[in-house]
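Take a look at the structure set out below.
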Amino acid sequence: MQTLRDIPCGATVKVTRLTGEGSVKRRIMDMGITKGTSVFVRKTAPLGDPVEVTVRGYELSLRKADAEMIVVDRVNERKEM
């Protein structure tokens with residue numbers, strides 16, 4: 001089980017499940033992160049917090065704790081040259 005926190009920069013993933021409960025889960029869903037949504041990981045801060053992603057056409061910064069609640073499947077990864 002991989003979470004959004006584990007995904008490297010440049011990868012696109014698909015959300016499979018949200019593990020948060022109550023208001024935390026609701027807040028993540030209100031940001032547009034729902035089951036089946038594609039998420040592109042743009043960059044990560046030097047210490048890993050926050051993670052900047054592109055979801056539904058806009059940029060979003062997520063705390064590590066929130067990113068850890070988002071279970072994903074990897075779609076593809078950018079190839080470095």
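The shown structure was predicted, so the numbers you read here are calculated from the model rather than taken from an experiment.
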Does CZ belonging to Arg27 count more than 12 external heavy atoms closer than 6.0 Å? yes
Which atom names give the shortest non-hydrogen contact between Gly32 and Arg56, and what distance separates them? O-NE, 2.7 Å
Strictly distance-based, threshold 3.5 Å: is any side-chain N or O of Thr19 a donor or acceptor partner for the main-chain N or O of Met69? yes
Between Thr37 and Val55, is there a side-chain heavy-atom distance shorter than 4.5 Å? yes
Search all heavy atoms of Leu4 against all heavy atoms of Val39 and return the closest pair with its distance. CD1-CG1, 4.1 Å
Indicate yes or no: at least one non-hydrogen side-chain atom of Leu62 is less than 4.5 angstrom from one of Pro50. no
Would you say that Ile33 contacts Leu18 through its side chain, given a criterion of any heavy-atom pair below 4.5 Å between the two side chains? yes
How long is the gap from CD on Glu52 to NZ on Lys43, to the nearest 0.5 Å? 4.5 Å
Note, Val72 side chain near Thr3 side chain (heavy atom, < 4.5 Å): no
Could you walk me through whether Glu59 and Val53 satisfy the side chain to side chain contact (heavy atoms under 4.5 Å, CB included) test, starting with their C-alpha distance in whole Å, then the side-chain angles of each, then the deciding distance to 0.1 Å, before giving a yes or no? CA-CA 6 Å; Glu59 283 78 36; Val53 298; over 6 Å; no
Worked check of side chain to side chain contact (heavy atoms under 4.5 Å, CB included) between Arg74 and Ile7: CA-CA 8 Å; Arg74 197 172 287 198; Ile7 304 301; 3.8 Å; yes
Taking 4.0 angstrom as the limit, do Arg5 and Asp66 come out as a salt bridge? no
Say you draw a straight line from CD1 of Ile28 to OG of Ser23; how long is it, rounded to the nearest 0.5 Å? 10.0 Å
So Arg63 and Asp49, do their side chains get closer than 4.5 Å, heavy atoms only? yes
Using the rule given for side chain to side chain contact (heavy atoms under 4.5 Å, CB included), can you reason through Glu68 versus Lys64, listing the C-alpha separation, both sets of side-chain angles and the distance that settles it, and then say yes or no? CA-CA 6 Å; Glu68 207 165 27; Lys64 279 194 286 189; over 6 Å; no
Quick check for you: to the nearest 0.5 Å, what is the distance between Ile70 atom CD1 and Lys35 atom NZ? 15.0 Å
Any chance you could measure Arg17, atom CZ, to Thr34, atom OG1, to the nearest 0.5 Å? 15.0 Å
